Amino acid sequence: MTGRAAARVPYRRRIEHVDTDASGVVHFSRYVSLMEAAALEHLEEHGAGLTHFLDAGADLVVTSLRISYVRSAVYRDMVVGAVEGGHVGAAQFRLAIALSRENGDGGHSRLADGLLTFASVDPVARTALPLPAAVRLLLRGLITDAGHSTARKGQGPAAAGGNTGDHAAR
């Protein structure tokens with residue numbers, strides 16, 4: 001894990017005009033981009049990012065995405081993405097991502113939960129490859145309890161916090 005503790009470093013990004021529709025509400029498709037960016041940043045922070053895959057002769061692709069929307073974000077909201085590891089297999093792994101809005105009082109309001117499955121592929125042939133051994137070990141080290149991971153159950157990371165009981169859109 002490149003000598004760093006496995007503490008979660010949340011992904012943070014302010015919603016910009018390009019993320020919204022004409023009424024200033026984040027378009028549903030932008031949540032996918034935010035989740036992917038949070039996941040890739042998480043992997044980079046822990047020494048298992050795209051560069052590490054390419055250095056090992058592999059590429060990383062998303063093969064599956066499941067997303068649940070809870071409430072809307074709007075222009076200028078600060079969005080936080082919390083990532084948690086899930087199952088690590090021979091050629092693929094899953095990450096659960098929870099997106100939340102940072103509220104003025106320091107709390108968080110849950111926006112969306114997602115589950116992304118990534119696969120290792122040959123960069124030229126685009127066929128499945130085993131996860132590079134060093135990367136697989138790093139990924140397994142990021143998962144504190146693979147048998148009880150919330151990502152494995154399809155739920156978002158608990159680390160994002162937030163109130164999921166209020167489903168009203170803003």
Side-chain angles (χ1 to χ4, degrees), residues 6-54 58-89 91-121 123 126 128 139 142-143 149-170:
R8 291 187 180 111
V9 178
Y11 171 80
R12 297 180 77 232
R13 183 174 173 284
R14 180 145 330 261
I15 296 300
E16 300 173 15
H17 178 69
V18 69
D19 300 316
T20 66
D21 60 20
S23 63
V25 175
V26 173
H27 190 269
F28 74 93
S29 65
R30 298 301 283 179
Y31 292 92
V32 176
S33 295
L34 292 166
M35 286 181 177
E36 182 182 33
L40 293 175
E41 184 65 28
H42 179 78
L43 292 173
E44 287 295 334
E45 285 287 323
H46 292 92
L50 293 174
T51 305
H52 298 88
F53 273 84
L54 292 173
D59 201 356
L60 188 61
V61 297
V62 173
T63 61
S64 174
L65 165 69
R66 187 169 46 195
I67 188 167
S68 297
Y69 300 97
V70 179
R71 65 178 54 82
S72 299
V74 296
Y75 178 67
R76 302 298 298 157
D77 277 349
M78 180 62 72
V79 174
V80 177
V83 180
E84 185 176 288
H87 174 75
V88 178
Q92 64 181 2
F93 62 95
R94 285 184 290 236
L95 295 176
I97 298 98
L99 296 178
S100 298
R101 174 190 312 110
E102 250 181 22
N103 299 328
D105 63 2
H108 291 86
S109 297
R110 190 69 137 249
L111 299 170
D113 295 316
L115 185 63
L116 276 77
T117 302
F118 292 89
S120 176
V121 298
R126 309 309 291 169
L139 291 169
L142 293 175
I143 300 169
S149 170
T150 56
R152 182 171 236 180
K153 295 174 187 171
Q155 301 168 359
N163 174 6
T164 58
D166 174 18
H167 295 287
R170 215 169 92 153

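Since this is a predicted model, take the numbers as computed values, not measurements.
- Side-chain atoms of T117 and V62, non-hydrogen and from C-beta on, never get closer than 4.5 Å to each other.
- The pair R66-D113 does not meet the salt-bridge criterion, since no charged nitrogen lies less than 4.0 angstrom from a carboxylate oxygen.
- With rounding to the nearest 0.5 Å, the separation of CZ in R94 from CG in L116 is 11.5 Å.
- Inter-residue side-chain proximity for L34 and I15 is flagged as met; some heavy-atom pair is nearer than 4.5 Å.
- The two atoms that bring T63 and A119 nearest to each other are CG2-CB, 3.5 Å, heavy atoms only.
- At a threshold of 4.5 Å between non-hydrogen side-chain atoms, the residues Y75 and H17 count as touching.
- Using cut-offs of 30° and 60° for the angle between ring planes, the F93 and F118 rings count as parallel.
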Next item on the list: Please step through side chain to side chain contact (heavy atoms under 4.5 Å, CB included) for the pair V25 and V74, ending with a clear verdict.
Entry: CA-CA 4 Å; V25 175; V74 296; 4.2 Å; yes

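- Once rounded to the nearest 0.5 Å, the distance linking CG of L115 with NE2 of H87 reads 11.5 Å.
- Listed here is the closest heavy atom pair of T20 and G24: CG2-O, 3.4 Å.
- A donor-acceptor contact shorter than 3.5 Å is absent between the side chain of D77 and the backbone of V79.
- Residue A58 comes nearest to S120 through the heavy atom pair CB-OG, 3.5 Å, listed as atom of the first residue, atom of the second, then distance.
- With values rounded to the nearest 0.5 angstrom, R13 atom CZ is found 10.0 Å from M78 atom CE.
- No side-chain donor-acceptor contact under 3.5 Å links R110 to the backbone of S100.
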Note to self: One pair to check against side chain to side chain contact (heavy atoms under 4.5 Å, CB included): L40 and E44. What are the steps and the verdict?
What the structure shows: CA-CA 6 Å; L40 293 175; E44 287 295 334; 5.6 Å; no

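- A 4.5 Å side-chain heavy-atom check between R126 and V61 finds at least one atom pair inside the cut-off.
- In this structure a side-chain-to-backbone donor-acceptor pair under 3.5 Å is present from D105 to G107.
- H46 contributes no side-chain N or O that, together with a main-chain N or O of L43, makes up a donor-acceptor pair within less than 3.5 Å.
- Contact annotation: the side chain of L95 never approaches that of E84 to less than 4.5 Å [non-hydrogen atoms, C-beta and beyond].
- Salt-bridge formation is detected for the pair E102/R12: a Lys NZ or Arg NE/NH1/NH2 atom is positioned less than 4.0 Å from an Asp or Glu carboxylate oxygen.
- Nearest heavy atom pair, residue Y11 against residue A37, reads OH-CB, 3.5 Å.
- Contact of the L99 side chain with the Y31 side chain is registered, since non-hydrogen atoms from C-beta on lie closer than 4.5 Å.
- Between the side chain of Y69 and the backbone N or O of F28 there is at least one donor-acceptor pair closer than 3.5 Å.
- When side chains are defined from C-beta on, V83 does not count as touching E41, because their heavy atoms never get closer than 4.5 Å.
- Side-chain atoms of R101 come within 3.5 Å of backbone N or O of S72 as a donor-acceptor pair.
- Within the 4.5 Å cutoff, the side chain of D19 has no heavy atoms near those of the H27 side chain.
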